[in-house]
Amino acid sequence: MKYYLTTPLYYVNAAPHIGHTYTTMAAETIARFKRMQGYDAVMFTGTDEHGQKVERSAEAAGKSPQEFTDTISAEFRAQWEKLNIRVDRTIRTTDPRHHKVVQALFQRCMDNGFVYKGSYTGQYCVSDELYANEAKAGDPCPICGRPTETVTEENYFFKLSAFTDKLIDLYETHPEFIQPETRRNEVLAFVRQGLNDLSISRTTIKWGIPLPVEGQHVFYVWFDALIGYLSAVDGEALWPADLHLIGKEIARFHAVFWPAFLMAGGMPLPKQVFAHGWLLFENDKMSKSRGNIVRSEPIRQVMGADALRYFLLREIVFGQDGTFSYDALIGRYNSDLANGLGNLASRTLTMIHQYRGDEIPEGTDPEIAALANQTVTAVQQYFDAFEFSKGLEAVWALISAVDKFIVLKAPWKLARQIDQTSQAELSATLYTAAESLRIATALLSPVLPQSAPKIWAQLGMPESIDAVRFETLEWGTLQPGQKIGEIAPVFPRIDLKEAVASMRALEEKVTAEQNVLLGKKPEEAAPGVPSGSEKIAVDDFAKVDLRVGLVKFAERVKNSDKLMHMKVDIGEAEPRTIVAGIAEAYTPEQLLHRKVVIVANLQPRKLKGIESNGMIVAASVEGGKPVLAGFHEDIPVGARLK
């Protein structure tokens, strides 16, 4: 049985970051899980390399579009290899074999009467490569909020309007086509408003696949890119895709445009589009414009790829938005992997070594055996529904039960008893712990593809963990008398402060390396003059309302390593609530009753669910901690700085 699943084709205007990693790790986990179910799972990922945004990024980098895309595409492939992500099929949209498939589908749509020539005047978002048909001149993009540009050009149009009813029927008769349910409802509401025809060619750019009808036309990037799912497996019996795994911001392209293109060409539709939520950092979506991008490589170097994969799938309810922080990552690693699975493996194998001479003993606790078999069933059900967090929770419920069982049985005490009953109970206790460890390790192998084989080898298992299948994964397979392997720690505990400092330092290094790939050069500043010191008018400065404030209350924001929640008196009826990134430099006690400088007329902004009504002023140097601005002389609360 085949199972073909895909990530998006990642756009190469920027280097890979943790958002790309999230989708790709999830997809590869599903592929590994499906193989355990007996499927011939094939995972695809690729790069989307055409369009105006890439053309402009290449120009800014001082490279040709081909040179630019070669560099960034190679960086994506290198990233997946470092993260131990198995890619079975891939395509670059600059590959000539992809061009043939794009032109062929276009011709089929044209032959079937769904393409016509016309002209377009309207708004276009370069960032999302989106025709914003509903927007007016000056309106922001409905997806990313950036300004749209007015374009006028002669184009070929796809009759998207002809598919309104067909798409609604698809969503209603096959509700599983677009999931989770929130995404399905959003897409359904969008299509029910009625669809406008879509321009699928451009004449104002050159970097794209030429249409087979006119040389000056190149394909609209979204008509081009989506077909990558087809071109990557052209000539193989893998289409239709069983799953397109995407981020929610591109749900419209995949759940509306893509099935319409395929319907028009008389092609089978993918079975499901699953749009997961955003990965947030300090409650904001990660983006270049916000400057809060986190990259995977520093985490891999400090903690390993499995630690990141486990965190993303355990901490975040798949399909919903989730928050990333270094504190939460390390906390989850230490509590679940080091203290949980790692500790169970270490204590179980050490006791077998000490009390049974490295041989698996014989005996079983029926209650733990029943729980283990129930866990195998539960994990399959949860992972089939992409409820990874619940599936992992079920495995840790088994681990916790075994830990309690070991404490209850106290094998270290039984080992001191020489009577036959005590020794039999000791053997049963150790076998039960080892067999539970085997089953838990097998269940976790799709999520911990580097670590699980290490525990598997320490158990002395003769076959590869990759050969495990759910149909034969049941209690009692571990053979008594089997020799365990060499015992070694798999998940050593990690020191929070040291690890965060290392990852932050590496983040700066990796960012600088990626900036070189993107052709970005550090801005050279004159001696003594900070970079970015563009002159502004006095009137511009006068718009900033700077006030003297007195900190009345301060506490660290939960699940954040740098945010401080404060109440600041600036002479108003009530103190202002302000959230600031100074918790690494100051304790709450150091802030209480301290006079600070506040920007009082900023728009409110939510951070970690707390609405911040102002900004605290601090100075910092690159890589250094913030230092609060203050006063040497007494100054009344609420006084304005001029």
Side-chain angles (χ1 to χ4, degrees), residues 17-19 21-26 28-29 83-84 276-283 286 294-346 375 379 382-383 386-403 440-441 443-452 454-455 489-504 506-507 556-563 583 608-609:
H17 55 70
I18 197 172
T21 299
Y22 180 36
T23 311
T24 312
M25 280 185 162
E28 207 242 1
T29 298
L83 292 170
N84 191 40
H276 65 72
W278 285 335
L279 197 57
L280 308 177
F281 185 77
E282 305 295 1
N283 257 32
M286 292 188 192
V294 174
R295 289 151 185 88
S296 307
E297 182 58 14
I299 300 169
R300 183 195 71 82
Q301 290 189 32
V302 175
M303 300 183 63
D306 279 5
L308 177 58
R309 189 190 295 229
Y310 176 77
F311 172 82
L312 293 174
L313 297 178
R314 176 64 180 87
E315 189 80 6
I316 299 166
V317 176
F318 201 65
Q320 299 179 16
D321 292 348
T323 298
F324 173 88
S325 74
Y326 290 122
D327 278 16
L329 170 68
I330 295 168
R332 179 65 72 179
Y333 170 93
N334 281 334
S335 65
D336 290 10
L337 297 179
N339 294 349
L341 177 62
N343 183 57
L344 176 63
S346 177
T375 304
V379 168
Y382 286 131
F383 273 43
F386 308 139
E387 294 180 344
F388 306 117
S389 185
K390 287 184 178 179
L392 293 170
E393 192 177 326
V395 177
W396 257 261
L398 172 62
I399 291 171
S400 177
V402 177
D403 279 336
T441 302
L443 292 174
L444 292 170
S445 60
V447 180
L448 303 172
Q450 289 180 306
S451 307
K454 294 177 182 177
I455 299 174
V490 178
F491 301 108
R493 281 188 61 82
I494 289 177
D495 180 84
L496 175 65
K497 289 185 178 180
E498 288 182 9
V500 170
S502 297
M503 286 188 282
R504 288 206 164 127
L506 285 167
E507 180 71 32
R556 296 181 185 276
V557 174
K558 188 178 180 181
N559 295 326
S560 172
D561 52 0
K562 69 177 183 178
L563 293 181
K608 285 285 187 181

Smallest separation among heavy atoms of Glu315 and Ala328, with atom names: OE2-CB, 4.3 Å

From CE (Met25) to CG (Leu83), nearest 0.5 Å: 4.5 Å

Sidechain-backbone polar pair: Arg556 side chain, Ala583 backbone, donor-acceptor under 3.5 Å: yes

Tyr22 and His276 aromatic centres sub-6.0 Å: yes

Sidechain-backbone polar pair: Ser346 side chain, Gly342 backbone, donor-acceptor under 3.5 Å: no

Pairwise side-chain contact, Phe383 with Leu443, heavy-atom cut-off 4.5 Å (strictly under): no

Pair Tyr382 and Phe388, ring centroids less than 6.0 Å apart: no

Heavy-atom side-chain proximity of Leu448 to Leu337 below 4.5 angstrom: yes

Donor-acceptor contact present, side-chain Glu507 to main-chain Val294, <3.5 Å: no

pair Val302-Tyr326: side-chain heavy atoms closer than 4.5 Å: no

Considering all heavy atoms, the nearest Ala499-Ile330 contact: CB-CD1, 3.6 Å

Residues that Asp403 engages under side-chain hydrogen bond (donor to acceptor under 3.5 Å, both in side chains), provided they are two or more places apart: Arg347

Closest approach of Thr441 to Ala452 (non-hydrogen atoms, all atoms of both residues): CG2-O, 3.3 Å

Separation between CD of Gln301 and CE of Met503, rounded to the nearest 0.5 Å: 11.5 Å

Minimum heavy-atom distance Pro446-Arg309, with the two atoms named: O-NH1, 3.3 Å

Reported CD-to-OG1 distance for the pair Glu28 and Thr21, which is rounded to 0.5 angstrom: 12.0 Å

Distance (rounded to the nearest 0.5 Å) between Ser400 OG and Leu344 CG: 10.5 Å

Smallest separation among heavy atoms of Ile18 and Ser296, with atom names: CA-OG, 3.6 Å

Separation between CZ of Arg493 and CG of Asn343, rounded to the nearest 0.5 Å: 10.5 Å

Pairwise side-chain contact, Pro449 with Asp306, heavy-atom cut-off 4.5 Å (strictly under): yes

Considering all heavy atoms, the nearest Phe311-Thr323 contact: CZ-O, 4.1 Å

Glu498: which of Asp495, Leu496, Ile494, Val500 passes side chain to side chain contact (heavy atoms under 4.5 Å, CB included): Asp495

Qualifying residue, where the test is ring pair (Phe, Tyr, Trp, His ring centres under 6.0 Å) with Tyr310 and the options are Trp396, Phe491, Tyr333: Trp396

Rounded distance (nearest 0.5 Å) linking atom CG of Leu279 with atom NE2 of His17: 9.5 Å

